[in-house]
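Everything numeric in this text was worked out from a predicted model, so none of it was measured.
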Amino acid sequence: MLGLSDSTAEYFRFKPSVNAWYVDGDEIEFKGMGIDPDSLKTGWGKIMEGQSPEWVWDERPGVKATNPGEGFKRGFSVMIYLSDYGWREWTSTGSGPKMGLEAVWPQVHNGAASNQGKMAMVAFNGAKAVSIGKGTTRVPEFELKGWKDKPEAQPAPVQEVTSEPKQPDPQPAPSDDDDWKF
């Protein structure tokens, strides 16, 4: 009745240990996403089970700030768009997700200047197992497919804390091109 036991957190996550993608805690079949290149932040994150993540963001993406302390690892935040869910924040300090985003980012970054106000349409082509230190991880393999207007010409939403109930994200107009439906 009060809805206190259900999480209302909206997020996007890759779990290399099980090779699965999640939206708001539910596993999904993931084919690709729109990325808002203007939303990228890099910095130091401390992500621990059962606790809110702590972040210390760099002044500019890629310009490494001083490590704030024990337990912090390099990470990122970027707003992504999924047609069935709308905008979600993707944050990670994991090696695999960082390597996957870093591999496609030069193409996204280089195309962003000539595609102002658009999102990069990035396909997911599976994940490959990679040895890191004493263990393994999976690195998502992404491919930039092109650029598309952001839904309803709205910028990606800024994450805010509010006591108001969240309104559903507006859905984009139907497209004739099914390849862009991720």
**OP:** Take Glu141 and Asn125, measure what side-chain hydrogen bond (donor to acceptor under 3.5 Å, both in side chains) needs, and give me the verdict at the end.
**Re:** CA-CA 5 Å; Glu141 296 181 321; Asn125 296 327; over 6 Å; no
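With a 4.5 Å cut-off on side-chain heavy atoms, Asp38 and Lys150 count as touching. Taking 4.5 Å as the limit, every side-chain heavy atom of Lys128 sits out of range of all side-chain heavy atoms of Arg138. When side chains are defined from C-beta on, Pro151 counts as touching Met119, because their heavy atoms get closer than 4.5 Å. Residues Trp44 and Glu54 fail the side-chain proximity criterion, which asks for heavy atoms closer than 4.5 Å.
Linking Ile, Leu, Val, Met, Phe, Trp and Tyr whenever their side-chain heavy atoms come within less than 4.5 Å puts Ile80 and Val23 in one cluster. A continuous path of ILVMFWY side-chain contacts below 4.5 Å connects Val104 to Met33, so both sit in one hydrophobic cluster. Note on Met121: it clusters hydrophobically with Met79, by side-chain heavy-atom contacts below 4.5 Å among ILVMFWY residues. In the hydrophobic cluster analysis, where Ile, Leu, Val, Met, Phe, Trp and Tyr join through side-chain heavy atoms closer than 4.5 angstrom, Ile28 is grouped together with Phe142. The cluster map of Ile, Leu, Val, Met, Phe, Trp and Tyr, joined by side-chain heavy atoms under 4.5 Å apart, puts Leu40 and Trp55 in different clusters.
Between Lys41 atom NZ and Trp57 atom CH2 the span is 5.0 Å, to the nearest 0.5 Å. Annotation: the span from Asp36 atom CG to Tyr81 atom OH amounts to 13.0 Å, rounded to 0.5 Å. Lys73 NZ to Lys46 NZ: the interatomic distance, rounded to the nearest 0.5 Å, is 12.0 Å. A distance of 5.0 Å separates OG1 in Thr42 from CZ in Arg74, rounded to the nearest 0.5 Å.
In terms of heavy-atom proximity, Gly94 sits nearest to Ser92 at N-OG, 3.0 Å. Contact record, Ala20 with Phe14: O-CD1, 3.4 Å, taken as the closest heavy-atom pair. Asp58 and Ala65 get closest at one heavy-atom pair: OD1-N, 3.1 Å. The heavy-atom pair separating Ser95 from Ile132 by the smallest distance is OG-CG2, 4.2 Å. Shown here for Pro53 and Ile47, the closest heavy-atom pair between the two residues is CB-CG1, 4.1 Å. The two atoms that bring Pro16 and Thr137 nearest to each other are CB-OG1, 3.4 Å, heavy atoms only.
Taking the centre of each ring, Phe30 and Trp21 come in below the 6.0 Å mark. Taking the six-membered ring for Trp and the full ring otherwise, the centers of Trp90 and Phe76 sit less than 6.0 Å from each other.
A salt bridge does not link Arg13 to Asp24: none of the charged nitrogens lies less than 4.0 Å from a carboxylate oxygen.
Residue Leu144 forms a side-chain contact (heavy atoms from CB on, under 4.5 Å) with just one option from Asn110, Ile35, Val122, and that option is Val122.
Cation-pi geometry between Lys15 and Tyr22 is met: under 6.0 angstrom from the ring centre, within 45 degrees of the axis.
Not one N or O on the side chain of Asn115 forms a donor-acceptor pair closer than 3.5 Å with the backbone of Trp147. The backbone N or O of Ser77 lies less than 3.5 Å from no partner atom in the side chain of Thr91, so there is not a single donor-acceptor pair. A side-chain donor-acceptor contact under 3.5 Å links Tyr11 to the backbone of Gly25.
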